[in-house]
> 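The structure that follows is given in the form of structure tokens.
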Amino acid sequence: MSPRSAIAAVLTIAIAGVLVSCTTDVPQVAEPPSATATAAPTPAPAPTPETLVVAPGARPPVFLDGDCERMLPLDVVEATLGRAAELDRAPEPEGYDVVAGAGGLSCLWWADNVDGLRVAVFTADSVSEVDLTTVAGWRADPACDWYCSVIIERDGYVVVTTVNGFDGADVAGSLHEEALRVAEQVAPVALANVAAGDSRWVRDRTGWSDVDCSSLAAKVGTSLGREFGGEDWGLYVDPPLTVGLIADEAARMWVCRFVDPSGHYIEAWGHAGAAWGFDASSTEAMPRPWIGRILEADMRNDGNVGEGWEMSDGINVVRLTGVPAEPGLGAREVAAALATALTD
């Protein structure tokens with residue numbers, strides 16, 4: 001990445017209205033007071049902003065229009081890190097982005113050629129299905145020495161601060177203690193700025209997929225006339241950063257392997273509520289309500305390359321990765337069976 005520095009200043013100008021009274025040369029005669037006092041009208045209550053309900057397959061609003069400098073100004077970052085820093089300006093990913101899908105804004109700053117600070121903010125509702133007490137795993141452990149994270153829940157928001165060590169940095173204590181120090185300084189600023197510009201919303205999760213791999217494998221096998229065992233393969237080869245893990249769990253991300261008696265397997269991935277990032281052009285009809293497309297050369301986690309398939313039911317997105325030739329099944333055939341199984 002080649003970040004470039006830029007500083008956006010946000011200036012709020014309060015304009016005071018001035019009331020000017022004019023007089024003329026005509027003398028004014030005071031009216032006698034009325035015998036009956038008239039009560040002052042009761043002011044109407046200020047309107048309460050309505051809470052936006054985000055549809056199951058729609059993209060949530062983006063905090064501060066995605067402007068990281070409004071969330072956390074560069075001078076705050078540099079003062080906290082004690083060194084010059086630059087905001088990472090990598091373009092937003094095309095299609096579905098799991099952090100945006102969870103309603104989050106995640107920003108990265110570089111310093112001394114190190115991705116030294118990440119700060120992400122989510123609404124508490126958007127990550128309400130995530131166990132934040134355990135999600136960080138070893139990255140929140142006092143023994144952490146790489147990408148250490150601190151999670152702060154406050155005022156309806158969740159702030160995730162992640163710190164990476166700098167070569168030769170003079171840090172008092174462990175990197176975990178440094179992460180705590182940094183979080184104490186930047187999290188309140190990020191939280192205040194996001195809250196000031198946020199319109200409240202909640203997620204409608206109607207129709208979100210909630211997958212059991214064993215049950216799904218049995219249904220797919222029955223549809224194809226094959227015997228498959230289902231394995232919840234787990235999500236990762238390497239542990240992700242805490243913000244990514246939170247976002248994946250918020251989207252109910254799943255990975256299932258359908259394993260035949262000879263050990264050959266088909267791998268499927270899914271994200272709930274991800275339809276907003278699915279390109280519905282050039283798709284084929286499938287068992288309703290699904291539509292999908294072939295992926296000519298797709299790769300599984302083990303490096304096996306084969307046909308893949310991507311599909312959506314208007315709410316969820318599912319992907320078959322690198323369907324191997326050994327089971328004698330094409331990706332289109334497996335996808336149709338999987339779509340039927342997910343709809344039942």
> Is there a path of hydrophobic side-chain contacts, each under 4.5 Å between heavy atoms of I, L, V, M, F, W or Y residues, that connects Leu329 with Leu342?
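They do share one cluster, since a chain of ILVMFWY contacts under 4.5 Å joins Leu329 to Leu342.
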
> In Å, rounded to the nearest 0.5 Å, how long is the span from CD of Glu310 to CZ of Arg319?
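Nearest 0.5 Å value for the CD-CZ distance: 5.5 Å.
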
> Can we say Glu129 and Arg205 salt-bridge, meaning some charged N sits less than 4.0 Å from an Asp/Glu carboxylate O?
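Judged by the 4.0 Å cut-off on N to carboxylate O distance, Glu129 and Arg205 do form a salt bridge.
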
> Do Trp290 and Val317 share a hydrophobic cluster, counting only Ile, Leu, Val, Met, Phe, Trp and Tyr and linking them when any side-chain heavy atoms are less than 4.5 Å apart?
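No, Trp290 and Val317 fall in different hydrophobic clusters.
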
> With a 4.5 Å heavy-atom cut-off, do Pro61 and Leu52 have their side chains touching?
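Yes, at least one pair of side-chain atoms sits under 4.5 Å.
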
> Any side-chain donor-acceptor pair under 3.5 Å between Asp88 and Trp109?
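Judged by distance alone, the side chains do not pair up.
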
> How close do Trp254 and Ala268 get, counting heavy atoms only, and between which atoms?
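Shortest heavy-atom contact: CZ3-O, 3.6 Å.
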
> To the nearest 0.5 angstrom, please state how far the CG atom of Leu216 sits from the CZ atom of Arg257.
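It is 15.0 Å, given to the nearest 0.5 Å.
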
> Just verifying a value: how many Å separate Cys107 SG and Leu72 CG, rounded to the nearest 0.5 Å?
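That separation rounds to 8.0 Å.
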
> Do Tyr157 and Trp201 share a hydrophobic cluster, counting only Ile, Leu, Val, Met, Phe, Trp and Tyr and linking them when any side-chain heavy atoms are less than 4.5 Å apart?
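No, because Tyr157 and Trp201 fall into different hydrophobic clusters, even though each may have its own neighbours under 4.5 Å.
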
> Is a side-chain donor or acceptor of Asn316 paired with a backbone partner of Ser209 at a separation under 3.5 angstrom?
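Side chain of Asn316 to backbone of Ser209: a pair is present.
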
> Using a 4.5 Å cut-off on heavy atoms from C-beta on, say whether the side chain of Thr162 contacts that of Val243.
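Side chain of Val243 against side chain of Thr162, heavy atoms only: no contact under 4.5 Å found.
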
> Do Trp208 and Arg203 have side-chain heavy atoms sitting under 4.5 Å apart?
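A side-chain contact under 4.5 Å exists here.
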
> Examine distances only and state if a side-chain atom of Ser223 and a backbone atom of Lys219 form a donor-acceptor pair shorter than 3.5 Å.
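No: the side chain of Ser223 does not pair with the backbone of Lys219.
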
> Thinking salt bridges, do Asp260 and Arg226 make one under a 4.0 Å N-O criterion?
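Salt bridge: no.
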
> Should Tyr265 and Phe258 count as side-chain neighbours, where that means a heavy-atom distance under 4.5 Å?
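Not in contact.
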
> Step through the shown structure and confirm whether more than 12 heavy atoms of other residues, nucleotides or ligands are within 6.0 Å of CD on Glu333.
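Check passes, neighbour count above 12.
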
> Is Phe278 linked to Val54 within one hydrophobic cluster, defined over Ile, Leu, Val, Met, Phe, Trp and Tyr using a side-chain heavy-atom separation of less than 4.5 Å?
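No, it is not one cluster - the side chains of Phe278 and Val54 are not joined through contacts under 4.5 Å.
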
> So does Val114 get a backbone contact from the side chain of Asp112, meaning a donor-acceptor N/O pair under 3.5 Å?
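No; judged by distance alone, with no hydrogens or angles, the pair does not exist.
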
> Identify the two heavy atoms, one from Gly101 and one from Pro60, that lie closest to each other, and give their separation to 0.1 Å.
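In this case the closest contact between Gly101 and Pro60 is O-CG, 3.6 Å.
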
> What is the minimum heavy-atom distance between Ala102 and Phe122, and which atoms define it?
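Shortest heavy-atom separation between Ala102 and Phe122 comes out as O-CD2, 3.7 Å.
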
> Is it true that atom CG of Asp344 has more than 12 heavy atoms of other residues, nucleotides or ligands lying nearer than 6.0 Å?
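Yes, the 6.0 Å shell around CG holds more than 12 heavy atoms from other groups.
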
> Report yes if some heavy atom in the side chain of Arg154 is under 4.5 Å from a heavy atom in the side chain of Leu191; otherwise report no.
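A side-chain contact exists here, since the closest heavy-atom pair is under 4.5 Å.
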
> Side-chain donor-acceptor pair under 3.5 Å between Thr123 and Asp125, yes or no?
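Per modelled atom types, Thr123 and Asp125 side chains form no pair under 3.5 Å.
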
> How many angstroms lie between CZ in Arg83 and CG in Leu117, if you round to the nearest 0.5 Å?
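Rounded to the nearest 0.5 Å, the CZ-CG separation comes out at 11.5 Å.
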
> Does one hydrophobic cluster hold both Val119 and Val189, with members joined at side-chain heavy-atom distances below 4.5 Å?
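As far as the 4.5 Å side-chain criterion goes, Val189 and Val119 are connected within one cluster.
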
> Could you go through Asp210 and Arg252, starting from their C-alpha distance and side-chain angles, then the distance that decides it, and tell me whether this counts as side-chain contact (heavy atoms from CB on, under 4.5 Å)?
CA-CA 7 Å; Asp210 193 3; Arg252 299 185 187 174; 4.0 Å; yes

> Hey, which of Ile152, Val160, Ile246 is the one that makes side chain to side chain contact (heavy atoms under 4.5 Å, CB included) with Leu132?
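Exactly one pass, corresponding to Ile246.
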
> Is it true that a side-chain atom of Gln185 and a backbone atom of Val182 form a donor plus acceptor pair closer than 3.5 Å?
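Flag not set: sc Gln185 to bb Val182 has no pair under 3.5 Å.
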
> Could you check if a side-chain atom of Trp309 sits within less than 4.5 angstrom of a side-chain atom of Ile294, using non-hydrogen atoms only?
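Yes. Closest side-chain heavy atoms under 4.5 Å.
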
> May I ask you to decide whether Glu178 forms a salt bridge with Arg181, counting only side-chain N to carboxylate O separations under 4.0 Å?
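Result for this pair is yes, salt bridge flagged.
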
> Please round to the nearest 0.5 Å and tell me the distance separating atom OG1 of Thr340 and atom CZ of Arg288.
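Interatomic distance, Thr340 OG1 to Arg288 CZ, rounded to 0.5 Å: 13.0 Å.
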
> Taking Met71's backbone N and O only, do any of them form a donor-acceptor pair with Asn193's side chain (distance below 3.5 Å, no angle check)?
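Yes.
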
> The test is side-chain contact (heavy atoms from CB on, under 4.5 Å); show your working for Glu231 and Cys213 and say whether it passes.
CA-CA 6 Å; Glu231 295 181 358; Cys213 291; 6.0 Å; no

> Under the side chain to side chain donor-acceptor pair (under 3.5 Å) rule, what do Ser214 and Asp212 come out as? Steps first, then yes or no, please.
CA-CA 6 Å; Ser214 295; Asp212 176 81; 4.5 Å; no

> What is the distance from atom CZ of Arg293 to atom CG of Leu295, rounded to the nearest 0.5 Å?
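Answer rounded to 0.5 Å: 7.5 Å.
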
> Could you tell me which non-hydrogen atom of Gly308 sits nearest to which non-hydrogen atom of Ala331, and how far apart they are?
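Closest pair (atom of Gly308, atom of Ala331, distance): O-CB, 3.8 Å.
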
> To check you understand the geometry: which heavy-atom pair defines the closest contact between Ile315 and Ser312, and what is its length?
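Here Ile315 and Ser312 meet closest at N-OG, 4.1 Å.
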
> Run the numbers on Leu320 and Leu338 for side-chain contact (heavy atoms from CB on, under 4.5 Å), then give the verdict.
CA-CA 9 Å; Leu320 289 167; Leu338 180 56; 3.9 Å; yes

> Cut-off 3.5 Å, side chains only: do Trp269 and Glu267 have a donor facing an acceptor?
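Yes.
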
> Is a side-chain N or O of Glu78 found less than 3.5 angstrom from the main chain of Ala85, in a donor-acceptor match?
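Yes, the answer is positive, given that a donor and an acceptor are paired below the 3.5 Å cut-off.
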
> Would Cys256 and Trp233 count as a side-chain contact (heavy atoms from CB on, under 4.5 Å) here? Give the steps.
CA-CA 6 Å; Cys256 292; Trp233 184 72; over 6 Å; no

> So which heavy atom on Val127 is nearest to which on Ala250, and how close?
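Answer, listing the atom of Val127 first, then Ala250: CG1-CB, 4.2 Å.
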
> Between Leu175 and Trp146, is any pair of side-chain heavy atoms under 4.5 Å apart?
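No. Closest side-chain heavy atoms not under 4.5 Å.
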
> Is any side-chain heavy atom of Phe63 less than 4.5 Å from a side-chain heavy atom of Val121?
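They are in side-chain contact.
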
